[in-house]
Participant: 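Structure in structure tokens, see below.
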Amino acid sequence: MSRTGSTIRTATPAAAAPLDVQRVRRDFPILAQSVHGKPLVYLDSAATSHKPQCVIDAVSRVYSEFNSNVHRGVHALSQRATDAYEAARGKVRDFINAADSAEVIFVRGTTEAINLAASSFARPRVKAGDEILITHMEHHSNIVPWQLLCEQTGAALRVAPIDDRGQLILEEWERLLSDRTKLVGVTYVSNALGTVNPVARMIRLAHERGVPVLIDGAQATPHIPIDVQALGCDFFAFSGHKTYGPTGIGVLYGRREHLEAMPPYQGGGDMISSVTFARTTYNDLPYKFEAGTPNIADAIGLGAAIDYLRGLGMDRVAAHEADVLAYGQARLAETPGIRPVGTADHKAGVLSFAMEGIHAHDVGTILDLEGIAIRTGHHCAQPVMERFGVPATARASLGVYNSREDIDALIAALGRVAEVFK
Amino acid sequence: MSGELDLDELYQQVILDHSRKPRNFRELACANCRCAEGHNPLCGDRVTIYIEIEQGRVQDVSFSGSGCAICTASASMMTDALKGKTVEEARRMFTWFHDMLTGKVPTGQVADGIGKLAAFSGVLRFPIRVKCATLPWHTMAAALAEDKADDPVSTE
């Protein structure tokens, strides 16, 4: 076991000292518990990550200290709430390196972010005969909004294929990029396979043909340092809850010129500057897209999660997770009866696999009784399952708090699964 | 939580046996055959039940598809149990099985003619797996509902 561990140090060298994972674990109170009498081993961060105490405290502090509505009160609490809410927006700006805080729209999550872009950006500019280009490895949330758009406009959805290792076939994708393509949607990291797509190159290729690009960053922000300006993407969507923040908060980043030109997504309070029955003037960015009272506390919680990650250093987080991922891949590879699903050269955070003759659901139940939480099923990516000819996979996914010991516990429990079904 | 969950409660030997070697795992093609498809989108279980009714009795019944051990064993044991039963008896067994897995049957109370199917009572303690066990039964009930050949009333 230890020999395997020492032969697969593929982590990128980080400038700073490696992450102290035991110290990180102490920041997450939920991890210190037993499940079915066994210490919890949480390997389901791709579904949702846990929250460090500082995030829990930040949300709690909103309600216990300065809960108030934002952008409208003259009183002190409202001012404090507004300041904290806008400070969180600034933290997101820094986190993804947007040029301007006004380009950061708070939404409920990645799903809403993509729907917003599909409705307000794509729909007015797409007509019958046009095409939206996505890939075979998208999450349903980066498929269905485009299907709805295509139904409404008569446009066609084109899907670039992936190879047997779960990597996008870039030449095929490029071939599908045409004069008819009005938008490219692509996931940065596949939730079902862990594949990291060459998004910087894809954005460059799309832009050479004048095609705007939306990046689904839901599985990227917890693992990879993000720089939307360096990437050059037109839109970038991500969720707070997968990035150690609260549920119900997420972000759509959009380039200012796009956001300026887009009609509002929803109408209501906060998104207007004046309303008469004859005419309404919309508010400036980003408020034009934040109708109604926003999710103030959870936006502030997301800001705290970003502070936490920046405190650890995203490069160190990435290096640590790369080490655990490589260790996990090596251990799974030497485990009999395991077929890994998704073996791309460049991966982040996900170990998806099938067990010979054993349904993923049975694997999940037995692992649960061993205290190990994984996801089983189609992972909201049914086309991926179909591509690999499996009804479901078992997916162990990593967070910053996972260690090689968690992988060892997983492998031992898989042995127990094999025993039950031998 | 009330008491420790035990793996053997869920994966009883008879269930494991049927999941490894499913009985009546074949398609049925005959003039009187009815079939229905069942799908649990959550976990990807897919099952098709074929049922042949003659003079109000289950002449033959089989299944195809792919699913987890619980779903496969449930389909296998259900098809074994249904052979020779009247349509009315089959419907009653479905109701009983469904009640057992939704906690409506007092623990330990085994209805006549249920026999080995009682092995599934342990699934009750694994709520997320209940649908795996009941999918074949729901599908069978749908196939029966379709069987109106002797009925004067058309379902069209």
Side-chain angles (χ1 to χ4, degrees), chain A residues 33-38 40 44 47 140 143-144 192 337 341 352-395 412-422, chain B residues 1-22 25 37-48 63-77 101 119-136 139:
Chain A
Q33 67 176 296
S34 291
V35 169
H36 302 308
K38 309 274 170 59
L40 169 65
D44 196 20
H140 293 166
I143 300 174
V144 184
V341 177
S352 218
F353 58 92
M355 266 184 110
E356 216 172 274
I358 307 173
H359 194 280
H361 217 163
D362 296 311
V363 176
T365 293
I366 297 173
L367 259 50
D368 177 51
L369 289 186
E370 297 290 320
I372 300 174
I374 62 159
R375 169 99 186 254
T376 66
H378 54 60
H379 318 297
C380 297
Q382 285 179 357
V384 174
M385 299 298 110
E386 196 190 313
R387 170 66 179 76
F388 286 92
V390 289
T393 70
R395 180 188 70 184
L414 289 176
R416 175 97 180 88
V417 175
E419 228 171 77
V420 171
F421 284 96
K422 72 169 180 269
Chain B
M1 190 188 303
S2 58
E4 289 277 294
L5 280 178
D6 188 353
L7 208 52
D8 301 335
E9 245 180 282
L10 181 64
Y11 296 110
Q12 297 199 18
Q13 211 47 52
V14 62
I15 291 178
L16 284 173
D17 175 56
H18 276 261
S19 79
R20 287 192 195 104
K21 294 182 297 251
F25 187 64
E37 275 178 59
H39 182 213
N40 181 352
L42 196 73
C43 55
D45 288 347
R46 246 173 224 287
V47 64
T48 304
F63 77 104
S64 67
S66 74
C68 64
I70 301 299
C71 178
T72 303
S74 176
S76 174
M77 290 166 72
L101 269 88
F120 286 96
S121 61
V123 180
L124 177 60
R125 301 197 59 204
F126 296 78
I128 200 85
R129 305 305 300 273
V130 166
K131 279 184 177 172
C132 307
T134 54
L135 179 69
T139 310

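Below, read A as the first sequence line, B as the second, and so on, with proteins coming before strands; counting in each chain starts at 1.
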Participant: May I ask you to check whether over 12 heavy atoms, not counting those of A:Glu356, lie within 6.0 Å of atom CD?
Facilitator: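 At most 12 heavy atoms, drawn from other residues, nucleotides or ligands, come within 6.0 Å of this atom.
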
Participant: Are there residues of residues 365-375 of chain A whose heavy atoms fall under 4.5 Å of chain B's heavy atoms? If so, which?
Facilitator: A:Thr365, A:Ile366, A:Leu369

Participant: For A:His361 and B:Arg129, work out which heavy atoms get closest and say how close.
Facilitator: O-NH1, 3.2 Å

Participant: Counting only non-hydrogen atoms closer than 4.5 Å, can you tell me which residues of residues 68-76 of chain B sit against chain A?
Facilitator: B:Cys68, B:Ala69, B:Ile70

Participant: So which bits of residues 412-420 of chain A come within less than 4.5 Å of chain B, counting non-hydrogen atoms only?
Facilitator: A:Arg416, A:Val420

Participant: Nearest 0.5 angstrom please: B:Asp6 CG to A:His36 NE2, how far?
Facilitator: 11.5 Å

Participant: Could you name the residues of residues 385-392 of chain A that have a heavy atom within less than 4.5 Å of a heavy atom in chain B?
Facilitator: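 Checking residues 385-392 of chain A against chain B gives A:Pro391, A:Ala392.
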
Participant: Would you mind checking which part of B:Arg20 comes under 4.5 Å of any heavy atom in chain A, side chain (CB onward), backbone (N, CA, C, O), both or neither?
Facilitator: side chain

Participant: Chain A heavy atoms under 4.5 Å from B:Leu16: which part of the residue, side chain, backbone, both or neither?
Facilitator: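 For B:Leu16, the side chain is the part near chain A, not the backbone.
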
